[in-house]
Each structure stands twice: as structure tokens, then as C-alpha cells.
Amino acid sequence: MTETFDAIVVGAGSVGVPSAYYLASRGLKVLVIDRRTAVGQGENKAAIGGVRATHSDPAKILLCTRTLQAVSTWKQDHGDDIGWKPGGYCFPAYSEAVESTLKGLLPKQRAYGLVNDWVDADAIDELVPGIEHENLRGGTYSPGDGQVSPLLLPVVLIRHALRMGAELHVKERVVEYLIEGGAIRGVKTDQGTYWAPRVIVATGSDASRDGELLGIPIPVQPDSHEAGITAPVEHFIKPLVVDLRPGADGKTANFYFGQNHEGQIIFCYTPKELFVGTDHTSQSEFLPILAARMIGLVPRLRHLLVRRVWRGCYPMTPDGVPIVGNVESIQGLTLAVGMCGQGFMLGLGVGQEVASLAVDGRYELPPEAWNALKYERDFYAAKKEALK
Ligand SMILES: Cc1cc2nc3c(=O)[nH]c(=O)nc-3n(C[C@H](O)[C@H](O)[C@H](O)COP(=O)(O)OP(=O)(O)OC[C@H]3O[C@@H](n4cnc5c(N)ncnc54)[C@H](O)[C@@H]3O)c2cc1C
């Protein structure tokens, strides 16, 4: 099979699907290809659906602000249910150190117009009824953040993209990038060859392999994280809750959970020691450790029935910042990879940027943001600075 398109998106995940959607909405004839059986079946479906703009990095703030604008109005603008649940993010503080870290982020976030306030312990208890009060100093609460269903969003977006003329090929793997005279010409898959002057690589945890195919190193190394979900209960927790304390179990760094639009409690933790690699096998220690942490923080959660657990990956870059931009050495090639633990919330914002790079030939973001995202950066600059 040989066909010609305006743009080809490799990977139909958290980033590839919104990229296809925005490219198609700008009038391009788009092909999106995924090696799995349907859209959103890679790391996308491992996400618990948290969407917040309240980061410390300007690029992430700006990209996630765009995502929030799109998801919070999606139902009224387009009529589809994407599982949007407003309710914000809450970071409770149980120590002076965490309080000062959280308060230190507020001025930067406010400079970008974000609402994130320090609230007292009683306000935290209203947001998360039954939260442990001993040593609770208060916490931050950002009401504009929220949650979206990672199972619904890609399905809704691809339906719109297809209606706008995009084409989706699943169960098809890109095995070669076609480059001639320093410019991308298309891709070869295990089933055919497709031509386009613009190719967007959005392959998540597999991105370093695409780097090998392209002859440019793409420093994305996945590490794995586990999550789980309970049966639904009556809505009682508004925000997504992030407990930044390391666990007394010695195995966990922070942990976070929330109640989704269907009333299910969805949860995960960050392991203290990283599990590098793409092994998606759930570990038997995850649930006992997580349950002890969650019940320790909110004892009334002990009555919940856990439905399932799973394991997925964060596609990490060395500096923890995604790679979004055109590659200078290969004309027509855009990278949208290395989304770390925030690819779901970055997806729509990154998709808009990908469309702008393809159609307008420039970033929409201001320089302080795109400089941090571009492929041609020193991925180890922050680490070198810290060693000085
Ligand atoms: C437990 C857990 C909880 C998380 N919670 C959140 C959260 O609350 N909020 C948040 O924002 N993020 C969260 N994340 C992170 C988020 O899931 C990822 O950052 C995001 O899904 C990465 O998106 P992506 O599009 O880069 O990759 P993916 O969604 O994995 O998409 C990449 C796609 O490329 C395809 N592909 C790869 N190679 C090829 C090829 N050669 N040919 C064809 N197709 C190819 C794959 O099949 C895949 O579908 C969480 C992750 C985990 C593990």
C-alpha cells in the first residue's frame, strides 16, 4: 500500500491522538498509525487521569493550561462525555519543609494566572473529609485543576479527527523512517509505505527505538509505576490528593489518589527506587503498601473494594521535561515524546503546539517555554548545575 498525506503521526496515545485531532482541525490530511489494536492502549490507559496546570516549569504550566481550557469546556463545546470532573488538586502538608516547598511554588504559578491557594487544616478536611488531622498544617488547593477519563478522551478525539478526514491505522508498526536529502519523506510500516512532508513521532515509551531508526539519539527511558481503582462509592472527595511525604514503608516516595467522575477511587504511588524498563507486570507488594498509606491518610477509605490494579510507564527524559519540537537536522520531523508522568495532561496542549509547528512553522509558546522543550538542548544542564 502506498499513499500520500500532509502529515503522519506515529503513535496513537496521549499525545498522538490530540496531535492528529489538531492537525486535522487545521485542514491537514493526516494519517495516524499505532502498533496496538486501538487508540490509547499504550501508557495512556495506565494514567489515572489527573490534569493540572499547577506545575513549576513554565512549559508544563502553559501546555496544561491549554489542556484544561479544552477539557473543562469540551462537553458544552462538542457534546461528548470525556469524564471531566472539576475539583482541583490538593497537596496537604504535614511538615514545615513540605509547607515551605508548596508555598514557594505559589508566586510562580500565580504569575501565570493560576489559582492555587494555601488553605488551613479545616479547609483541607472539607475537601478531603476524614483526612488525618495530627500534624496537618494546611495545604495548597488549586480549584481549576481536575480529572478526565483516559479511557474516554482518546476515543472521543479520534472520532472527531476521523470526521475531519484523518485516517487511523491500528495493528501496524512503523519500522523505518524515510529520509532523503536531510528531509523526512514518510514512513515504512510492516504493511506499507506512506509519504508525507511532515512526520510526528509520538511513540511514548518506545521513543528511543525511533531515535535508532532515525539516526538521532532520543533520550527517553521508561520507568514503571503502578496504579489501581476501586468500585464506585458516593462522591465525597473533591480534589486529587497528593501526599508528598515519603512512606514509613521505606518503599514509596509520594502517593496520590482521587475520586473520578464515576465515584471510583483511583490511586498510585511513586516508588522510592525506580523500576527502569517496560515490564508491565503488577507486583504483589503494590496493593498492601498503597492501602496502608491511603488508610493512614484517610482512615475511612478502609471500606473500599479494590477492583483492579495495573502497571504502566512514565516515558522519562533526563531532565524530566518533555521533548516537543522540530528537529533541526531532519527537515519535516517533529518529536513529541518524553512526557514523563504527565503525558495525559500535556496531550491536548502538546497537540496544539504540534499543529502550530506543522502549519505555521513556529512555536505558539513563548521562548522561555519552547527553549526548555526543544530537542536541541542540554538534557543534563540542571544536573551539571546542581554538581557545581
Ligand atoms: C500509573 C500511572 C499513572 C499516571 N497518571 C497520570 C496522570 O494522572 N496524568 C498524566 O498526565 N499522566 C499520567 N501518567 C503518565 C502518562 O500515562 C504518560 O505520560 C502518557 O500516557 C505518555 O503519552 P504518550 O503519547 O507519549 O505515550 P502512549 O500513550 O504510550 O502512546 C504511544 C503510542 O505509540 C505507539 N507506538 C510506539 N511505537 C510505535 C511504532 N513503531 N509504530 C506504531 N506505533 C507505535 C504505542 O503503541 C502507543 O500507543 C501516568 C502513568 C502511569 C504509569
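Atoms within each ligand, like the ligands themselves, are counted from 1 in listed order. All of these numbers come straight from a predicted model, not from anything done at the bench.
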Check your understanding: Does Asn44, backbone or side chain, put an N or O under 3.5 Å from an N or O of ligand 1?
Key -> yes

**Study point:** Per-residue contact class, Asp206 against ligand 1 - non-hydrogen pairs under 4.0 Å
**Key:** side chain

Review point. Looking at OH of Tyr375 and OG of Ser329, how far apart are the two atoms once the value is rounded to the nearest 0.5 Å?
Key: 6.5 Å

Review point. Do any nitrogen or oxygen atoms of Leu346 come within less than 3.5 Å of a nitrogen or oxygen of ligand 1?
Key: no

**Study point:** Per-atom contacts of ligand 1 with Gln342, taking only distances under 4.0 Å to non-hydrogen atoms
**Key:** 10 (C), 11 (O), 12 (N), 19 (O)

Exercise for review: Any atoms of ligand 1 less than 4.0 Å from a non-hydrogen atom of Met345? List them with their elements.
Suggested key: 9 (N), 10 (C), 11 (O)

Practice item. Give the residue and atom name of whichever protein heavy atom lies nearest to atom 5 (N) of ligand 1, and the separation in Å to one decimal. Key: Ile48 N, 3.1 Å

Exercise for review: Taking the side chain as every heavy atom from C-beta outward, state whether Trp118 and Thr140 have any atom pair closer than 4.5 Å.
Suggested key: yes

Practice item. Could you tell me whether Glu368 atom CD has more than 12 heavy atoms of other residues or ligands within 6.0 Å of it? Key: yes

Point to revise | Nearest protein heavy atom with distance in Å, relative to atom 44 (N) of ligand 1 | key: Arg35 N, 3.0 Å

Practice item. With heavy atoms of Ser14 as the reference, note each atom of ligand 1 found under 4.0 Å away. Key: 20 (C), 21 (O), 23 (O), 25 (O), 29 (O)

Review point. Which protein non-hydrogen atom lies closest to atom 2 (C) of ligand 1, naming both residue and atom, and how far is it?
Key: Ala46 O, 3.4 Å

Point to revise | Ile218 and Glu212, any side-chain heavy atoms less than 4.5 Å apart | key: no

Revision key, fill the gap. For atom 46 (C) of ligand 1, the closest protein heavy atom turns out to be Arg36 NH1, 3.2 Å

Revision key, fill the gap. If you scan protein heavy atoms around atom 48 (C) of ligand 1, the nearest is Asp34 OD2, 3.4 Å

Study note, to complete from the structure: Near Glu172 (heavy-atom distance under 4.0 Å), the atoms of ligand 1 are 43 (C)

**Study point:** Numbering as shown, the atoms of ligand 1 that approach Val15 to under 4.0 Å (heavy-atom distance)
**Key:** 25 (O)

Practice item. Apply side-chain hydrogen bond (donor to acceptor under 3.5 Å, both in side chains) to Asn116 and Thr54, showing your working. Key: CA-CA 7 Å; Asn116 196 6; Thr54 43; 4.7 Å; no

Practice item. For Arg173 and ligand 1, answer yes if some heavy atom of the residue is under 4.0 Å from a ligand atom, otherwise no. Key: yes

Point to revise | Atoms of ligand 1, numbered as shown, that sit under 4.0 Å from any heavy atom of Gly11 | key: 33 (C), 34 (O), 35 (C)

Check your understanding: Less than 4.5 Å apart, any side-chain heavy atom of Phe257 and any of Ile237?
Key -> yes

Practice item. Report, in ascending order of atom number, the atoms of ligand 1 lying under 4.0 Å from any heavy atom of Cys340. Key: 15 (C), 18 (C), 19 (O)

Review point. Who's the nearest protein heavy-atom neighbour of atom 30 (O) of ligand 1, and how far?
Key: Glu43 N, 2.7 Å

**Study point:** Backbone or side-chain N or O of Val10 under 3.5 Å from ligand 1 N or O
**Key:** no

Point to revise | NZ/NE/NH1/NH2 to OD/OE distance under 4.0 Å, Asp243 and Arg245 | key: yes

Check your understanding: Taking 4.0 angstrom as the limit, do Arg26 and Asp360 come out as a salt bridge?
Key -> yes

Review point. Is Gly343 in polar range of ligand 1, meaning some N or O pair under 3.5 Å apart?
Key: yes

**Study point:** salt_bridge(Lys108, Asp57) N-O dist < 4.0 Å
**Key:** no

Practice item. Among Leu213, Leu178, Thr193, Val174, find the residue that satisfies the side chain to side chain contact (heavy atoms under 4.5 Å, CB included) test when tested with Val187. Key: Val174

Check your understanding: Is the shortest distance from a heavy atom of Ser205 to ligand 1 less than 4.0 Å?
Key -> no

Study note, to complete from the structure: of all protein heavy atoms, closest to atom 7 (C) of ligand 1 is Gly50 N, 3.7 Å

**Study point:** Sidechain-backbone polar pair: Glu132 side chain, Glu134 backbone, donor-acceptor under 3.5 Å
**Key:** yes

Check your understanding: Just one of Glu226, Glu273, Glu285 clears the salt bridge (Lys or Arg N to Asp or Glu O under 4.0 Å) bar with Lys251, so which one?
Key -> Glu285

Study note, to complete from the structure: Quick note on ligand 1: atoms under 4.0 Å from a heavy atom of Ala202 include exactly 32 (C), 33 (C), 34 (O)

Review point. Are Trp370 and Glu353 close enough that some pair of their side-chain heavy atoms sits under 4.5 Å apart?
Key: no

**Study point:** hydrophobic_cluster_shared for Leu23 and Val32, side chain cutoff 4.5 Å
**Key:** yes

Exercise for review: Could you check atom 14 (N) of ligand 1 against the protein and tell me its nearest heavy-atom contact, residue, atom and distance included?
Suggested key: Gly341 O, 3.6 Å

